[in-house]
Amino acid sequence: QIQEALDSVETLTKDYPNEPLLYNISGVCYKAIGQLDAAVKSFEKALTLKPDYTEVNYNLGLTFQELGQLDDAVKSYEKALAVKPDYAEAHNNLGVTLKELGQLDDAVKSYEKALAIKPDYAEAHNNLGNTFKELGQMDDAVKSYEKALAINPDYDEVSYNLTIAYNNLGLAFMELGQVDDAIKNYEKALAINPDSSEENNNLSIAYTYNGLGIANHSLGQLDAAVKCYKNALAIKPDYADAHANRGNVLKDLKR
């Protein structure tokens, strides 16, 4: 019924051409149906009438972000926050935009501001985890993902990200030669969502089984390694690395 809403708003703007609320509503409607340029025009019209309209600056930021105009999105979010510094959603989306711009440290600061205002903001915890992961701060990433899951246990995206984070920690420990710690992290990754039907989650689990197989092989636990590779291949039958690694273990078993 968005088109009906737009028609109603356009009728109202003829009678109330200086009412910024109407242009905000039309902008939201245009954004919802994917007419982003029209949405920008509506939001900008609202702001010519009321430059400090926080919600409009926020909505304009979202629209610029969707258009890929990231610098403009940052400016819009900053205008919203100048009027309403405790706008947690604006801090979060500013963080997302800064991360897309590669400004990771500033993104972290934005997420932390959002969480200082709204500690149970699961999406901000997840986004903070993603940024820590990109910064290579895997322990901090894990903590952020775990907080997000504690708030919303059904948050599939966090489950996936946390699985990847533990898997990456396992890889890091393997590179350091700390095989036992690698195994612990791989096992944590597998314990998060072992029965997931999500394709991305299943692929990450396959990679984790492969990593766990490598770790077990390095400790001489050949039967356990074979089982890990079998599990990886059950999820991803065309997983070339797992096939090769399984073949290497089978050779050692025959000796």
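The structure presented is a predicted model; accordingly, all values stated were derived computationally and were not measured.
Here the closest heavy-atom approach between residue Asn210 and residue Ala242 is recorded as OD1-CA, 3.5 Å. Between Leu104 and Thr131, the shortest heavy-atom contact is O-CG2, 3.6 Å. Minimum heavy-atom separation, Val179 to Ala215: CG1-O, 3.6 Å. Minimum interatomic distance between Ser26 and Leu6 (heavy atoms only, all atoms of both residues): O-CD2, 3.8 Å. Closest approach of Gly170 to Ala182, counting heavy atoms only: O-CB, 3.4 Å. The heavy-atom pair separating Ala39 from Gly27 by the smallest distance is CB-O, 3.4 Å.
A distance of 11.0 Å separates NZ of Lys31 from CG of Leu60, quoted to the nearest 0.5 Å. Between the CG atom in Asn59 and the OH atom in Tyr30 there is a gap of 15.5 Å [rounded to 0.5 Å]. Of the inter-residue distances, the one linking Tyr87 atom OH with Asn57 atom CG reads 10.0 Å to the nearest 0.5 angstrom. To the nearest 0.5 Å, atoms CG (Leu162) and CD (Glu157) are separated by 12.0 Å. Of the inter-residue distances, the one linking Leu81 atom CG with Thr54 atom OG1 reads 8.5 Å to the nearest 0.5 angstrom. Between atom CG of residue Leu67 and atom CG of residue Leu62 there is a gap of 11.0 Å, rounded to the nearest 0.5 Å.
Residues Leu36 and Ile33 do not share a hydrophobic cluster, clusters being chains of Ile/Leu/Val/Met/Phe/Trp/Tyr side chains in contact below 4.5 Å. In the hydrophobic clustering of this structure, Leu94 does not group with Leu135; members are Ile, Leu, Val, Met, Phe, Trp, Tyr whose side-chain heavy atoms approach within less than 4.5 Å, directly or through other members.
The closest donor-acceptor contact from the side chain of His91 to the backbone of Pro85 lies under 3.5 Å. Not one N or O on the side chain of Asn92 forms a donor-acceptor pair closer than 3.5 Å with the backbone of Ala88.
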Practice prompt. Walk me through it: do Lys50 and Asp52 pass the test salt bridge (charged side-chain N to carboxylate O under 4.0 Å, His left out)?
Written response: CA-CA 6 Å; Lys50 187 179 179 182; Asp52 62 347; 5.3 Å; no
Discussion item. Test side-chain hydrogen bond (donor to acceptor under 3.5 Å, both in side chains) on Asn93 and Tyr58; report intermediate values, then the result.
Written reply: CA-CA 9 Å; Asn93 280 285; Tyr58 176 72; 2.9 Å; yes
Worksheet entry | side-chain contact (heavy atoms from CB on, under 4.5 Å) between Asn24 and Ser42, worked out | CA-CA 6 Å; Asn24 182 45; Ser42 291; over 6 Å; no
Item to complete: Using the side-chain contact (heavy atoms from CB on, under 4.5 Å) rule, take Met174 and Ile183 through it: C-alpha gap first, then chi angles, then the decisive distance, then the call.
Response: CA-CA 9 Å; Met174 280 299 293; Ile183 288 174; over 6 Å; no
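In this structure, Ile151 stands alone, with no Ile, Leu, Val, Met, Phe, Trp or Tyr side-chain heavy atom under 4.5 Å from its own, directly or through other members.
Other residues, nucleotides and ligands place no more than 12 heavy atoms under 6.0 Å from the NZ atom of Lys184. Atom NZ of Lys84 sits in a crowded spot, with more than 12 heavy atoms from other residues, nucleotides or ligands closer than 6.0 Å.
Side-chain atoms of Asp154 and Asn152, non-hydrogen and from C-beta on, do get closer than 4.5 Å to each other. Residues Asp180 and Leu219 have side chains in contact (heavy-atom distance under 4.5 Å, counting atoms from C-beta outward). Side-chain contact check for Asp223 versus Leu253: some heavy-atom pair is nearer than 4.5 Å. Side-chain contact between Gln103 and Asp105 is absent, with no heavy atoms from C-beta onward closer than 4.5 Å. Annotation: side chain of Leu250 is in contact with side chain of Arg246 (closest heavy-atom distance under 4.5 Å). Residues Cys29 and Val9 form no side-chain contact, since every pair of their non-hydrogen atoms from C-beta on lies 4.5 Å or further apart. In this structure the side chain of Glu19 never reaches within 4.5 angstrom of the side chain of Thr13, judged on heavy atoms. Contact annotation: the side chain of Asn245 never approaches that of Tyr239 to less than 4.5 Å [non-hydrogen atoms, C-beta and beyond].
Shown here are the salt bridge (charged side-chain N to carboxylate O under 4.0 Å, His left out) partners of Glu123, two or more places apart in sequence or in another chain: there are none.
Asn185 and Asn167 share no donor-acceptor pair across their side chains, judged by distance under 3.5 Å alone. Looking at His217 and Asp252, their side chains do bring a donor and an acceptor atom within 3.5 Å of each other.
Outside the 6.0 Å centre-distance limit, the rings of Tyr209 and Tyr229 are not counted as a close aromatic pair. Remark: aromatic rings of Tyr53 and Phe43 are distant, center separation not under 6.0 Å.
When each of Asn231, Thr163, Leu212 is checked for a side-chain contact (heavy atoms from CB on, under 4.5 Å) with Leu190, only Leu212 meets the rule.
Residues in residues 72-81 take part in these side-chain hydrogen bond (donor to acceptor under 3.5 Å, both in side chains) pairs, two or more places apart or across chains: Gln65-Tyr77.
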